[in-house]
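What follows is a short report on a single structure.
Hydrogens, waters and symmetry mates are skipped; everything else that's a heavy atom, side chains included, is used. Computed from a predicted model, the values in this text were never measured in an experiment.
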Amino acid sequence: MTGTSVPTVIRRSPRRRARTAVAAVAAVTAAVVVLIVALRAGGGLRAGRLAGLPDAGPVTALALPLARLLTDVLGTLTVGLALTAAFLLPGDGDLVSAAGYRLLRRAAAAAAGWAVAVAALIALTLSDLLGAPLPAALSLSGVTSFVASVSVGRAYALQAGLAVVVAVACARVLRRNAAAWIALAAVVAVLAPAFTGHAAGAGNHQIAVTSLAMHVVAAALWAGGLAGLLALRRTDVLAGAAARYSRLALGCFVVVAFSGAANAWVRLGTVDQLWRSAYGTLVVGKIAALLVLGALGAVHRARTLPALRSGEAAAFRRFAGAEIVVFAATFGLAVALSRSPTPVPSNPPRPDAATDLLGFAMPPAPTPARMITQVVPDLFFATAVVVAAGAYLAGVVRLRRRGVAWPAERTAYWLAGVVILAVVTLLGFGKYAYVLFSAHMAQHMVLSMVVPVFLVLGAPVTLALRVLHPSPDPQVRGPREWLLLALHSRVTRVLTHPVVALALVVVSLYALYFSDLFVLLMRSHLGHLAMLTHFVVTGYLFFWVVIGIDPGRRPLLHPVRMIVHFTSMSFHAFFGVALMLQTGLTAAVWFGALHPAWRGSLAADQTLAAGIAWAFGEIPGAVVMVVLIRQWISADEREQRRIDRAADRAEAEGADGELARYNAFLKAANERSRAGDDRGRRR
């Protein structure tokens with residue numbers, strides 16, 4: 001496919017169309033039947049019929065989970081089709097292939113239906129919350145208030161808006177990079193409602209929310225990718241895409257199993273609830289479905305993928321069709337679980353105020369030992385730490401097996417950054433950062449000014465480029481090709497501009513604490529994760545520009561690096577002074593709602609936080625300045641050695657060597673002049 005031409009449509013055989021229709025009908029039937037049976041078994045149909053509370057009626061009670069099921073299925077299908085078109089299929093230069101073009105157009109139709117299903121879900125959820133039948137519950141003011149002030153309504157509105165954007169983009173996009181952005185937007189849209197519901201309202205939501213988000217994303221990629229493969233028509237294209245999908249599916253299986261177990265542990269409370277509660281029975285059903293899906297995946301890797309490479313696609317399509325039916329039934333179980341009461345109540349009648357606000361009980365008075373021994377079971381950062389350390393060490397081991405040396409100090413830098421990240425997010429530092437402004441400020445400064453320095457000096461991009469193999473097919477982008485595209489993209493060039501990188505650090509620092517943004521982010525687990533992640537990412541971008549050794553934008557001159565870093569130090573120091581002299585209290589709404597008996601006044605804690613901000617603007621900044629001076633000296637020494645080697649060569653060659661180089665220069669200039677004259681005569 002070239003330009004904007006529309007590829008020729010390849011018609012599917014009647015027998016294949018019939019098999020596809022049968023599989024689709026079987027999947028829909030399995031999903032609906034399992035959903036209804038599971039709702040009755042788990043008490044999901046009686047969720048809104050509690051004594052003393054209004055009832056929306058049987059229509060809403062049944063239509064709401066059906067709409068949720070339709071939303072999940074269409075969202076997963078959209079993700080899978082866009083994922084397959086962007087990442088699993090070969091392209092046509094910068095454009096998607098003919099097969100990818102067809103998948104994107106199908107994704108446009110699925111996303112449009114997804115948006116409509118989410119709109120119906122908004123209406124039915126409002127009816128369920130108000131306890132009124134659908135016609136009586138719907139009004140413009142009611143819907144507007146629901147999507148503006150209720151977290152569930154905001155999540156659904158965001159999902160519907162992103163679905164519309166994805167639908168429009170899929171109908172117009174031809175380039176592979178744009179298709180990748182579409183797939184990412186679809187994943188974000190699928191993820192949005194995961195931060196509300198059972199998990200978000202629970203104590204210990206550091207595990208519950210993150211595990212549910214991981215579960216939703218992995219399931220969408222796993223099931224959606226398989227649906228994308230089944231939508232392909234050409235066996236030769238299908239074979240390569242299925243091989244690439246197989247590696248993705250194995251990773252998704254592991255993530256789904258791990259995150260599902262973590263979320264079930266939070267919701268069940270004890271192991272015996274697996275057989276003592278109706279909710280546990282549904283969890284056992286999901287475990288059985290996961291085992292069946294794992295067995296089908298093993299059959300694919302052992303039998304159907306080799307047959308597919310030899311041109312036999314029938315067995316693969318049969319097993320994939322059966323797998324889709326199991327996936328559909330599992331989605332029905334998942335929706336029923338989200339509507340069923342849990343053994344550990346999400347909203348207890350008499351919640352502990354601290355647990356309801358923080359997700360854990362109020363910690364005791366801080367001591368040096370408790371800053372290390374206290375634990376925050378945050379699954380997001382725990383996963384990030386394990387993956388970052390494991391992937392880096394795996395890369396180093398792979399290089400050594402090839403006989404390629406990798407500097408030990410770079411490995412030490414990276415692991416030190418990962419360990420410090422774990423300490424300030426998963427131990428007592430992370431727990432007390434919810435309760436004390438001073439502890440939060442220390443966490444902020446470490447995440448933005450200490451952790452990134454070690455990570456940048458670890459040179460992870462250089463390691464990845466050495467470890468990853470180029471794709472054997474030039475039309476298929478592997479991880480190395482996507483990494484190179486990201487490094488040389490316009491977005492990366494903008495973000496790594498020294499002025500932009502400095503502005504991201506400084507502006508976000510002042511905007512966060514001298515506005516209501518900090519309180520807004522602290523009120524939700526998603527906001528808190530986004531804030532801490534922002535600290536690390538912006539710090540990494542800044543120090544990549546200042547002291548980074550990875551490839552990217554052209555390195556700055558060393559005097560410019562020192563000026564940029566000194567400017568950052570000045571802004572941090574001024575921020576600490578401004579915070580210390582501020583008459584009002586920062587985030588008094590949040591920290592004032594917490595009343596630990598051991599805490600002193602909020603003003604004294606804010607003064608301590610200001611001192612910490614000032615100190616981190618000076619002490620770590622001075623250390624980085626020493627690193628910059630050392631890099632400058634090393635660069636000068638390398639340049640001097642290069643000049644000395646050139647002088648030695650010139651001395652060894654003598655006058656004849658100088659004359660030969662001068663004659664070569666004149667000859668090259670003469671050839672360029674003749675080429676210019678020839679072009680002038682042709683004109």
Query raised in the report: Quick check, are the ring centers of F514 and F575 under 6.0 angstrom apart?
Result: yes

Query raised in the report: Can you tell if the side chain of I549 reaches within under 4.5 Å of the side chain of R410, non-hydrogen atoms only?
Result: yes

Requested in this report: Decide yes or no for V564 and F542: does some side-chain heavy atom of the first lie under 4.5 Å from some side-chain heavy atom of the second?
Outcome: yes

Report task. Of all the heavy-atom pairs spanning S524 and G527, show the shortest one and how long it is. Result -> OG-N, 2.9 Å

Report task. Take atom CH2 of W181 as the centre, draw a 6.0 Å sphere, and report whether it contains more than 12 heavy atoms from other residues, nucleotides or ligands. Result -> no

Requested in this report: Work out which heavy atom in L83 is nearest to a heavy atom in A183; give both atom names and the distance.
Outcome: N-CB, 4.1 Å

Report task. Answer yes or no: is there a side-chain heavy-atom contact under 4.5 Å between R176 and L89? Result -> no

Report task. Decide yes or no on side chain to side chain donor-acceptor pair (under 3.5 Å) for S448 and H534, but give the supporting numbers first. Result -> CA-CA 8 Å; S448 62; H534 172 80; over 6 Å; no

Requested in this report: Given side-chain contact (heavy atoms from CB on, under 4.5 Å), test Y392 with W406 step by step and report yes or no.
Outcome: CA-CA 11 Å; Y392 194 96; W406 180 255; 3.1 Å; yes

Requested in this report: May I have the step-by-step check of side-chain contact (heavy atoms from CB on, under 4.5 Å) for M522 and M531, ending in yes or no?
Outcome: CA-CA 9 Å; M522 290 293 289; M531 177 174 59; 3.6 Å; yes

Query raised in the report: Between T496 and W544, is a side-chain contact (heavy atoms from CB on, under 4.5 Å) present by the stated rule, with each step listed?
Result: CA-CA 8 Å; T496 55; W544 186 9; 3.8 Å; yes

Query raised in the report: Within 45° of the axis and under 6.0 Å from the centre of the six-membered ring of Y101, does NZ or CZ of R105 qualify?
Result: yes

Report task. Please answer whether the main-chain N or O of W222 pairs with a side-chain N or O of Y245 as donor and acceptor at a distance below 3.5 Å. Result -> yes

Query raised in the report: How about F574 and W614: are their ring centres within less than 6.0 Å of each other?
Result: no

Requested in this report: May I ask you to test the L487-L465 pair for a side-chain heavy-atom distance under 4.5 Å?
Outcome: yes

Report task. Determine whether F429 and Q443 make a side-chain contact, defined as any pair of heavy atoms from C-beta on separated by less than 4.5 Å. Result -> no

Requested in this report: Assess whether atom OH of Y510 is packed by more than 12 heavy atoms of other residues, nucleotides or ligands within 6.0 Å.
Outcome: yes

**Report entry** D378 (side chain) donor-acceptor with L426 (main chain) under 3.5 angstrom
**Finding:** no

Report task. Identify the heavy atoms of V500 and V494 that sit nearest to each other, and give their distance. Result -> CB-O, 3.2 Å

Requested in this report: Assess whether ring pair (Phe, Tyr, Trp, His ring centres under 6.0 Å) is satisfied between W482 and F87, documenting all intermediate values.
Outcome: CA-CA 9 Å; W482 282 110; F87 296 101; 5.0 Å; yes

Requested in this report: Indicate whether the side chain of T567 and that of S570 have a donor and an acceptor atom separated by less than 3.5 Å.
Outcome: no

Report task. Would you confirm whether S508, through its side chain, and L504, through its main-chain N or O, come within 3.5 Å as a donor-acceptor pair? Result -> yes

Query raised in the report: Looking only at heavy atoms, which two atoms of V255 and A218 are closest? And how far apart?
Result: CG1-CB, 3.6 Å

Query - L529/F381 under side-chain contact (heavy atoms from CB on, under 4.5 Å): CA gap, chis, key distance, verdict - result: CA-CA 9 Å; L529 290 180; F381 285 106; 3.7 Å; yes

Query raised in the report: More than 12 non-hydrogen atoms from neighbouring residues, nucleotides or ligands closer than 6.0 Å to CZ on R172, yes or no?
Result: no

Report summary line: So salt bridge (charged side-chain N to carboxylate O under 4.0 Å, His left out) across residues 461-487, not counting sequence neighbours, yields D94-R477

Query raised in the report: Is a side-chain donor or acceptor of S259 paired with a backbone partner of M214 at a separation under 3.5 angstrom?
Result: no

Query raised in the report: With side chains defined as the heavy atoms from C-beta onward, is the minimum distance between L509 and H572 less than 4.5 Å?
Result: yes

Query raised in the report: Has R244 got more than 12 heavy atoms of other residues, nucleotides or ligands less than 6.0 Å from its CZ?
Result: yes

Query raised in the report: Of the non-hydrogen atoms in A115 and V164, which two are nearest, and what is the gap between them?
Result: CB-CG2, 3.8 Å

Query raised in the report: Using the ring of each side chain (for Trp, its six-membered ring), is H440 parallel, tilted or perpendicular to Y513, with breaks at 30° and 60°?
Result: perpendicular

Query raised in the report: Are the side chain of Q159 and the backbone of A189 linked by a donor-acceptor contact shorter than 3.5 Å?
Result: yes

Report summary line: Smallest heavy-atom separation, L221 atom then L248 atom, equals O-CD2, 4.4 Å

Query raised in the report: Is the centre of the F380 ring less than 6.0 Å from the centre of the H525 ring?
Result: no

Query raised in the report: Is V396 close to W414 at the side-chain level, that is, under 4.5 Å between some pair of heavy atoms?
Result: no

Query - Non-hydrogen side-chain atoms of K431 and M371 separated by less than 4.5 Å - result: no

